[in-house]
Visitor: 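One structure is given below, represented as structure tokens, and several questions about it will come after.
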Amino acid sequence: MRMIDIIEKKREGNALTKEEIEFFIEGYTNGSIPDYQMSSLLMAIFFQNMTDEERADLTMAMVNSGETIDLSAIEGVKVDKHSTGGVGDTTTLVLGPLVAACGVPVAKMSGRGLGHTGGTIDKLEAIEGFHVELTSEQFVKQVNELKVAVIGQSGNLTPADKKLYALRDVTGTVNSIPLIASSIMSKKIAAGAGAIVLDVKTGDGAFMKTTDDARELAQAMVRIGNNVGRKTMAIISDMSQPLGRAIGNSLEIVEAIDTLKGNGPEDLTELCLTLGSQMVVVGEKAETLEEAREMLLAVIEDGSALEIFKQFIKWQGGNEKIVDDVSLLPQAAYKMEVPASQDGFITFMEADEIGTAAMLLGAGRATKESEIDLAVGIVLNKKVGDSVSKGDSLATIYSNREDVQEVMDKLTQFIDIEATKKEAPPLIYEVITA
């Protein structure tokens with residue numbers, strides 16, 4: 001088999017065989033296929049697309065390029081959730097204990113964030129003592145007994161994907177549905193997921209800017225998952241404005257606690273109930289999404305989801321007292337309000353720019369070497385559709401430095417106030433189950 005023949009075959013729009021896909025993934029991973037040939041094939045895929053069968057074969061070839069996590073010692077269907085990212089996306093912190101309280105095992109492997117705020121692990125490490133360094137035995141025991149655990153990502157999962165992504169990043173082939181879908185799904189499958197729920201974001205603060213693109217990606221990933229034997233469901237959700245109200249690590253922990261108490265922001269609560277319902281169904285603890293939703297509401301109402309969050313913190317070395325006393329979390333030295341300049345209604349909030357404002361405070365990483373300030377961030381006091389009077393606080397800035405004029409200016413510039421009310425965009429555009 002020769003790489004040049006595979007490149008020419010895909011260039012002409014023909015489907016590649018499983019053997020051909022395995023050949024170029026193995027060859028590129030071990031270095032026998034050079035960057036220039038792989039770049040050529042990626043561009044051919046970019047323009048000629050891939051069939052569902054090719055996408056599934058590509059996903060599994062990347063899964064098999066490195067280690068895979070064996071979760072067979074954990075009882076039940078192991079459900080994983082993936083979000084394509086956004087601003088204020090606190091869902092994992094809520095969904096882990098919420099779904100675990102319904103009896104579905106959540107064995108979560110998460111990473112650190114590069115961007116607006118920290119990743120799930122950074123957020124959890126805002127809790128004093130919390131750690132993600134668990135042995136395999138500890139991880140399995142915790143999920144079997146508590147139904148939820150979070151650990152850091154293993155170093156050698158899907159090495160082919162890591163190499164391919166770096167090459168796509170510099171060859172103009174990032175925005176390819178088959179390449180994005182297989183990249184995401186390979187990591188979920190290698191991490192041991194038996195079932196997968198996907199939250200595909202759309203809007204200004206999302207990777208997929210239009211609902212059509214988000215739908216195409218969601219459908220591609222659902223088909224890959226189901227074609228390789230993982231029950232997979234997805235939703236398309238809005239990210240034209242930040243999700244919830246908190247943007248920042250310890251601030252998002254507070255918001256997660258409020259949500260588990262039944263007092264969270266309406267949009268974050270609704271998204272968690274929608275995603276959680278899918279997780280309970282694919283986890284085979286409910287027959288229908290309606291039944292699953294009732295189960296989730298019940299574990300919020302009776303306090304069992306919050307209690308699991310408390311025990312989850314304790315099991316992983318954290319101070320569980322923060323659940324009852326959030327002042328034990330890192331606290332910022334300064335709180336400053338961003339006043340409305342006029343009467344009217346909030347008509348637009350630029351999610352990306354508001355996220356960047358939080359990063360400027362130190363809530364996220366501009367580079368891999370950046371250190372996160374776990375105490376700082378922004379809490380939005382108004383969202384799209386809300387009325388405001390001149391002088392009302394649009395947002396509260398939590399900072400460890402007094403001079404935040406750049407952040408203040410950015411928030412003022414990218415939160416629009418107009419005389420005529422504009423309804424908030426839909427939170428959930430579509431549910432994709434097959």
Side-chain angles (χ1 to χ4, degrees), residues 1-68 82 84 156-191 193 196 198 200 202 206-230 232 234 432 434:
M1 201 174 293
R2 298 189 311 159
M3 186 63 172
I4 183 65
D5 297 326
I6 295 172
I7 293 168
E8 290 175 347
K9 184 177 181 181
K10 179 47 68 179
R11 184 196 66 196
E12 299 307 312
N14 298 310
L16 303 177
T17 66
K18 180 172 181 282
E19 292 72 25
E20 286 168 333
I21 290 170
E22 288 174 345
F23 171 81
F24 75 71
I25 286 295
E26 182 181 350
Y28 188 60
T29 305
N30 67 27
S32 61
I33 290 173
D35 280 353
Y36 61 82
Q37 284 192 310
M38 196 68 226
S39 299
S40 182
L41 179 59
L42 290 174
M43 193 60 77
I45 291 169
F46 184 92
F47 283 112
Q48 296 289 8
N49 211 328
M50 291 182 117
T51 65
D52 284 351
E53 188 176 356
E54 284 178 289
R55 294 174 185 192
D57 289 340
L58 176 59
T59 300
M60 292 311 297
M62 291 198 290
V63 169
N64 295 326
S65 70
E67 296 173 8
T68 56
H82 177 79
T84 56
N156 198 37
L157 290 183
T158 62
D161 176 60
K162 291 185 181 71
K163 283 193 74 174
L164 279 176
Y165 192 89
L167 189 61
R168 286 166 55 206
D169 200 32
V170 294
T171 56
T173 53
V174 169
N175 291 332
S176 162
I177 294 294
L179 297 176
I180 297 168
S182 57
S183 172
I184 292 170
M185 294 301 288
S186 68
K187 290 191 280 281
K188 294 289 122 185
I189 293 163
I196 302 161
L198 302 157
V200 181
T202 185
F207 182 61
M208 292 296 177
K209 304 299 182 188
T210 70
T211 51
D212 285 345
D213 286 347
R215 182 183 301 111
E216 188 180 357
L217 176 59
Q219 289 173 340
M221 292 192 291
V222 168
R223 287 198 297 267
I224 286 172
N226 290 324
N227 284 342
V228 301
R230 271 67 169 186
T232 306
I432 296 167

Visitor: With rounding to the nearest 0.5 Å, note down the distance linking CG in Leu157 to OG in Ser186.
Guide: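 Interatomic distance, Leu157 CG to Ser186 OG, rounded to 0.5 Å: 9.0 Å.
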Visitor: Could you grab the distance from atom OG of Ser176 to atom CD of Gln48, nearest 0.5 Å is fine?
Guide: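 Between Ser176 OG and Gln48 CD, I get 11.5 Å after rounding to 0.5 Å.
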Visitor: Hey, could you give me the CG/CG distance between Leu164 and Asp169, rounded to the nearest 0.5 Å?
Guide: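 The CG atom of Leu164 sits 12.5 Å away from the CG atom of Asp169.
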Visitor: Any heavy-atom pair between the side chains of Tyr165 and Leu179 that's under 4.5 Å?
Guide: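 When only atoms from C-beta onward are counted, Tyr165 and Leu179 do not touch, as no gap falls below 4.5 Å.
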Visitor: Can you tell if the side chain of Met50 reaches within under 4.5 Å of the side chain of Ile45, non-hydrogen atoms only?
Guide: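 The answer is yes; the side chains approach within 4.5 Å.
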Visitor: How about Asp213 and Phe207: do any of their side-chain heavy atoms sit closer than 4.5 Å?
Guide: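 A side-chain contact under 4.5 Å is absent here.
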Visitor: Search all heavy atoms of Ser183 against all heavy atoms of Asp161 and return the closest pair with its distance.
Guide: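 Looking at all heavy atoms of both residues, the shortest contact is OG-OD1, 2.7 Å.
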Visitor: What's the spacing between Met38 CE and Leu167 CG if we round to 0.5 Å?
Guide: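 With rounding to 0.5 Å, CE (Met38) is 7.5 Å from CG (Leu167).
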Visitor: Whether the side chain of Gln37 engages the backbone of Pro34 through a donor-acceptor N/O pair (distance < 3.5 Å, no angle test) should be reported.
Guide: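 No, the answer is negative, given that no donor and acceptor are paired below the 3.5 Å cut-off.
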Visitor: Would you say that Ser182 contacts Met62 through its side chain, given a criterion of any heavy-atom pair below 4.5 Å between the two side chains?
Guide: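 When only atoms from C-beta onward are counted, Met62 and Ser182 do touch, with a gap below 4.5 Å.
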Visitor: How close do Asn14 and Lys10 get, heavy atom to heavy atom, and via which atoms?
Guide: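 Smallest interatomic distance, heavy atoms only, reads O-NZ, 3.2 Å.
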Visitor: Is there a side-chain contact between Leu198 and Thr232 (heavy atoms, below 4.5 Å)?
Guide: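 Leu198 vs Thr232: side chains touch.
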Visitor: Would Arg168 and Ile180 satisfy side-chain contact (heavy atoms from CB on, under 4.5 Å), going step by step from the backbone distance to the final call?
Guide: CA-CA 10 Å; Arg168 286 166 55 206; Ile180 297 168; 3.5 Å; yes
Visitor: With a 4.5 Å limit on heavy-atom distance, are the side chains of Ser39 and Met43 in contact?
Guide: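 They are not in side-chain contact.
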Visitor: Which atom pairs, one a donor and one an acceptor, fall under 3.5 Å between side chains of residues 21-31 and the rest of the protein, sequence neighbours left out?
Guide:
unit_1: Glu22; atom_1: OE2; unit_2: Lys18; atom_2: NZ; d: 2.9
unit_1: Tyr28; atom_1: OH; unit_2: Asp35; atom_2: OD1; d: 2.7
unit_1: Thr29; atom_1: OG1; unit_2: Ile25; atom_2: O; d: 2.7
unit_1: Asn30; atom_1: OD1; unit_2: Ser32; atom_2: N; d: 2.9
unit_1: Asn30; atom_1: OD1; unit_2: Ser32; atom_2: OG; d: 2.8
unit_1: Asn30; atom_1: ND2; unit_2: Glu26; atom_2: O; d: 3.2

Visitor: Name every donor-acceptor pair, under 3.5 Å, that has one atom in a side chain of residues 214-225 and the other anywhere in the protein, sequence neighbours excluded.
Guide:
unit_1: Arg215; atom_1: NE; unit_2: Glu430; atom_2: OE1; d: 2.6
unit_1: Arg215; atom_1: NH1; unit_2: Asp212; atom_2: OD1; d: 2.9
unit_1: Arg215; atom_1: NH2; unit_2: Glu430; atom_2: OE1; d: 3.2
unit_1: Arg223; atom_1: NE; unit_2: Asp52; atom_2: OD1; d: 3.1
unit_1: Arg223; atom_1: NE; unit_2: Asp52; atom_2: OD2; d: 3.0

Visitor: What distance do Leu41 atom CG and Met3 atom CE have between them, rounded to the nearest 0.5 Å?
Guide: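 Interatomic distance, Leu41 CG to Met3 CE, rounded to 0.5 Å: 4.5 Å.
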Visitor: Between CD1 of Ile189 and CD1 of Ile184, what distance do you get to the nearest 0.5 Å?
Guide: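 That separation rounds to 11.5 Å.
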Visitor: So do Asn49 and Arg55 actually touch side chain to side chain, heavy atoms under 4.5 Å?
Guide: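 With C-beta onward as the side chain, the pair touches.
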Visitor: Would you check if Thr202 and Thr84 make a side-chain contact, meaning some heavy-atom pair closer than 4.5 Å?
Guide: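 With C-beta onward as the side chain, the pair stays apart.
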